[in-house]
Amino acid sequence: QVQLVESGGGLVQPGGSLRLSCSATGSTNRIYSMGWYRQAPGQQRELVATFTVLGGTNYASSVKGRATISRDNAKNTVYLQMNSLKPEDTAEYYCNARLILPTVEYWGQGTQVTVSS
């Protein structure tokens with residue numbers, strides 16, 4: 001009941017910055033958590049950062065200090081600001097939303113982030 005569309009990915013030089021956006025449409029009033037996950041080739045999908053309606057945030061240790069997740073309720077959009085990017089940040093980044101009443105989870109199609117010189 002929610003559609004997620006990611007944008008902002010691309011090719012970035014090491015040490016550069018990027019801001020990913022995830023716009024949600026549909027039953028956005030039922031969303032209690034949104035976040036970003038990433039998956040590199042041959043790797044498991046892993047959490048990058050999450051944000052809850054209660055205001056809590058959670059970051060993977062690998063990006064702590066370099067990533068900031070934020071939300072614009074009016075625009076139903078979640079952002080992921082990534083700074084000091086490293087080649088190991090290269091992955092497909094997916095937006096995730098968790099809803100309640102009933103409980104359900106949605107994923108975006110993903111946006112590619114490539115950190116390379």
Side-chain angles (χ1 to χ4, degrees):
Q1 303 204 33
V2 167
Q3 293 179 318
L4 305 173
V5 180
E6 303 101 328
S7 63
L11 176 63
V12 185
Q13 299 292 318
S17 298
L18 202 64
R19 188 176 77 158
L20 306 181
S21 299
C22 175
S23 297
T25 57
S27 302
T28 57
N29 60 308
R30 294 169 50 216
I31 296 175
Y32 75 88
S33 177
M34 293 187 70
W36 289 92
Y37 294 73
R38 67 186 182 186
Q39 186 170 20
Q43 303 295 321
Q44 298 294 318
R45 187 171 297 185
E46 64 176 356
L47 178 147
V48 179
T50 59
F51 188 99
T52 72
V53 295
L54 299 179
T57 58
N58 187 42
Y59 296 92
S61 60
S62 59
V63 302
K64 191 169 297 183
R66 302 187 297 116
T68 302
I69 188 170
S70 60
R71 183 179 69 175
D72 186 331
N73 288 333
K75 297 181 179 180
N76 295 313
T77 300
V78 170
Y79 305 94
L80 180 68
Q81 178 69 43
M82 298 277 290
N83 301 320
S84 302
L85 286 163
K86 306 174 181 179
E88 50 263 44
D89 293 318
T90 297
E92 188 82 5
Y93 284 70
Y94 298 91
C95 182
N96 170 268
R98 293 182 173 90
L99 282 62
I100 57 173
L101 304 176
T103 300
V104 68
E105 185 176 60
Y106 293 93
W107 293 91
Q109 289 184 303
T111 184
Q112 178 68 36
V113 172
T114 301
V115 184
S116 176
S117 59

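All values below were derived from every heavy atom in this structure, side-chain atoms included, with hydrogens, water molecules and symmetry-related copies excluded. By convention here, the first residue in the shown sequence is residue 1.
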Report task. With sequence neighbours excluded, give me every disulfide (SG to SG under 2.5 Å) pair touching residues 37-117. Result -> Cys22-Cys95
Requested in this report: List the atom of Asp89, the atom of Val115, and the distance in Å for their closest heavy-atom pair.
Outcome: CB-CG2, 4.2 Å
Report summary line: Sorted by chain and residue number, the side-chain contact (heavy atoms from CB on, under 4.5 Å) partners of Gln81 (sequence neighbours excluded) come out as Ser17, Arg19, Thr68, Asn83
Query raised in the report: Given the rule that I, L, V, M, F, W and Y join up when any side-chain heavy atoms are under 4.5 Å apart, are Leu101 and Val53 in one cluster?
Result: yes
Query - Whether over 12 other heavy atoms sit under 6.0 Å from Gln3 CD - result: no
Query raised in the report: Under 4.5 Å between side-chain heavy atoms, hopping through other hydrophobics if needed: is there a path connecting Leu18 to Leu11?
Result: no
Query raised in the report: At what distance, to the nearest 0.5 angstrom, does CG of Leu85 lie from OG of Ser116?
Result: 12.0 Å
Query raised in the report: Sub-3.5 Å donor-acceptor pair from the side chain of Arg30 to the main-chain atoms of Ile100, do we have one?
Result: yes
Query - Linked, directly or transitively: Phe51 and Val48 (ILVMFWY side chains, under 4.5 Å) - result: yes
Query - Under the side chain to side chain donor-acceptor pair (under 3.5 Å) test, residues paired with Ser27 that sit two or more places apart - result: Gln1
**Report entry** Partners meeting side chain to side chain donor-acceptor pair (under 3.5 Å) with Arg71 (sequence neighbours left out)
**Finding:** Asn73
Query raised in the report: Which heavy atom in Ala67 sits nearest to a heavy atom in Leu80, and how many Å separate them?
Result: CB-CD1, 4.1 Å
Requested in this report: List the atom of Gln44, the atom of Gln39, and the distance in Å for their closest heavy-atom pair.
Outcome: C-CG, 4.1 Å
Query raised in the report: Got a sec, which pairs hit salt bridge (Lys or Arg N to Asp or Glu O under 4.0 Å) with one end in residues 96-109, sequence neighbours left out?
Result: Arg98-Glu105
**Report entry** Atom CD of Gln109 with >12 non-hydrogen neighbours under 6.0 angstrom
**Finding:** no
Query raised in the report: Do Thr111 and Ser7 pass the side-chain contact (heavy atoms from CB on, under 4.5 Å) test, and can you show the C-alpha distance, the side-chain angles, and the key distance before you say yes or no?
Result: CA-CA 6 Å; Thr111 184; Ser7 63; 5.9 Å; no
Query raised in the report: To the nearest 0.5 Å, how far apart are OH in Tyr79 and CE in Met34?
Result: 11.0 Å
Report summary line: So CD of Glu46 and CZ of Arg38: to nearest 0.5 Å the spacing works out to 4.5 Å
Query raised in the report: Can Val78 and Trp36 be said to form a side-chain contact (heavy atoms from CB on, under 4.5 Å), step by step?
Result: CA-CA 9 Å; Val78 170; Trp36 289 92; 3.7 Å; yes
**Report entry** Nearest non-hydrogen partners of Thr77 and Lys75, listed with the distance
**Finding:** OG1-O, 2.9 Å
Requested in this report: Calculate, to the nearest 0.5 Å, the distance between atoms CD and CD belonging to Glu92 and Gln43 respectively.
Outcome: 14.5 Å
Report summary line: Correct closest heavy-atom pair for Ser117 and Gln13 would be CA-OE1, 3.1 Å
Report task. Return the set of residues passing side chain to side chain donor-acceptor pair (under 3.5 Å) with Thr90 (not counting sequence neighbours), or none when no residue passes. Result -> none
Query raised in the report: What is the minimum heavy-atom distance between Tyr93 and Glu6, and which atoms define it?
Result: O-OE2, 4.0 Å
Query raised in the report: With the 4.5 Å side-chain cut-off for hydrophobic clustering, are Tyr32 and Leu99 part of the same group?
Result: no
Report task. Ignoring hydrogens and angles, tell me if any N or O in the side chain of Tyr59 forms a donor-acceptor pair with the backbone of Ile69 under 3.5 Å. Result -> yes
